[in-house]
Amino acid sequence: MAHLSEGFTAELRAVLAAEALSAQRYTYFAQVAEIEGHTEVAQHFTDLAASVACAAHGHLDVLRDATVEGTGPDIGETALNLASSVADALQDAGETYPRLTAAAHAEGQVDIASWLTTLAALKKSHVTKLDALLSELTGAAAATATATTAPVSGGTDD
C-alpha cells in the first residue's frame with residue numbers, strides 16, 4: 001500500500017473529478033450528436049468517454065490502495081463503498097442541493113430551483129437504496145448512522 005501525502009491525494013482527487021466530468025460531457029455530446037444524425041461523431045465521443053472513464057478508474061484504484069496520513073480510506077471493499085456512497089448522497093441531499101436551490105431562488109431561477117429540488121429528492125432515494133443494501137450486506141440495523149461517519153469523497157454518486 002502506497003503512502004501518499006494529503007497534497008498529492010488532493011491533486012489526484014481533482015484529476016479524478018476532471019476525468020469523471022469529461023466522461024460525462026463526452027457521453028452527453030455523443031447523445032446530442034446522435035440526435036442530430038451525426039452517427040460517426042457520436043461514436044467518437046462514446047469512445048472518448050470510455051477511454052476517459054478508464055483513466056478515472058485507474059485514479060480510483062490508486063486512491064483505493066493508498067494510505068493518507070490522518071485519514072481512513074473512503075473506497076475499497078463493498079461495505080466501505082456503500083457507506084461512503086451513503087455519506088456522499090446524504091451530503092448532496094441535505095446540504096449541496098438545498099444550498100443550490102436557495103441560490104437559484106435568490107436569482108429568480110424558479111425552473112432551475114425546481115430541477116434541483118427534484119435532484120435532492122433523487123439523492124434521498126439513493127440514500128434509502130444504498131442504506132438498505134449496506135444493512136443487508138453487513139446485517140447492521142443502523143447503517144446510515146455508520147455511513148455518516150465515513151469520510152466524504154466530495155463527489156456524487158450518479
_Sole residue of Leu80, Ile75, Asn81 in side chain to side chain contact (heavy atoms under 4.5 Å, CB included) with Arg64_ = Ile75
*So Thr118 and Leu122, side chain to side chain contact (heavy atoms under 4.5 Å, CB included) or not? Walk me through it.*
CA-CA 6 Å; Thr118 300; Leu122 177 63; 5.7 Å; no
_Please report the interatomic distance CD(Gln109) to CH2(Trp115), rounded to the nearest 0.5 Å._
15.5 Å
*Which pairs pass salt bridge (charged side-chain N to carboxylate O under 4.0 Å, His left out) with one or both residues in residues 107-118, sequence neighbours excluded?*
none
*What heavy-atom pair brings Pro98 and Asp92 nearest, and what distance separates the two atoms?*
CD-O, 3.7 Å
_Contact summary for Ala120 and Ala93, nearest pair of heavy atoms_ = O-CB, 3.8 Å
*What closest approach, in Å, do Ala49 and Ala23 show between heavy atoms, and which atom pair accounts for it?*
CB-O, 3.6 Å
*Enter the distance from Thr138:OG1 to Leu133:CG here, rounded to the nearest 0.5 Å.*
10.5 Å
*The single option from Leu16, Leu12, Asp65 passing side chain to side chain contact (heavy atoms under 4.5 Å, CB included) against Leu60*: Leu16
*Closest approach of Leu4 and Ala66, non-hydrogen atoms and distance?*
CD1-CB, 3.3 Å
*Are any side-chain N or O atoms of Ser135 and backbone N or O atoms of Asp131, one a donor and one an acceptor, separated by less than 3.5 Å?*
yes
*Should Val62 and Val15 be counted in the same cluster of Ile, Leu, Val, Met, Phe, Trp and Tyr side chains packed under 4.5 Å apart?*
no
*Are any of the side-chain heavy atoms of Leu82 and Thr78 separated by less than 4.5 Å?*
yes
*How long is the gap from CG on Leu48 to CZ on Arg25, to the nearest 0.5 Å?*
12.0 Å
_Gln43 atom CD, over 12 foreign heavy atoms within 6.0 Å_ = yes
_Please determine whether residues Leu100 and Leu21 belong to a single hydrophobic cluster, defined as Ile, Leu, Val, Met, Phe, Trp and Tyr linked transitively by side-chain heavy-atom distances below 4.5 Å._
no
*Taking atom OG1 of Thr96 and atom CG of Leu119, what is their separation to the nearest 0.5 Å?*
11.5 Å
*asked:* Rounded to the nearest 0.5 Å, what separates atom OG1 in Thr46 from atom CD in Gln31?
replied: 8.5 Å
*asked:* Looking at every heavy atom in both Ala33 and Val41, which two are closest together, and how far apart are they?
replied: CB-CG1, 4.0 Å
*Please report the shortest heavy-atom distance between Leu134 and Ala79, naming the atom on each side.*
CD1-O, 3.5 Å
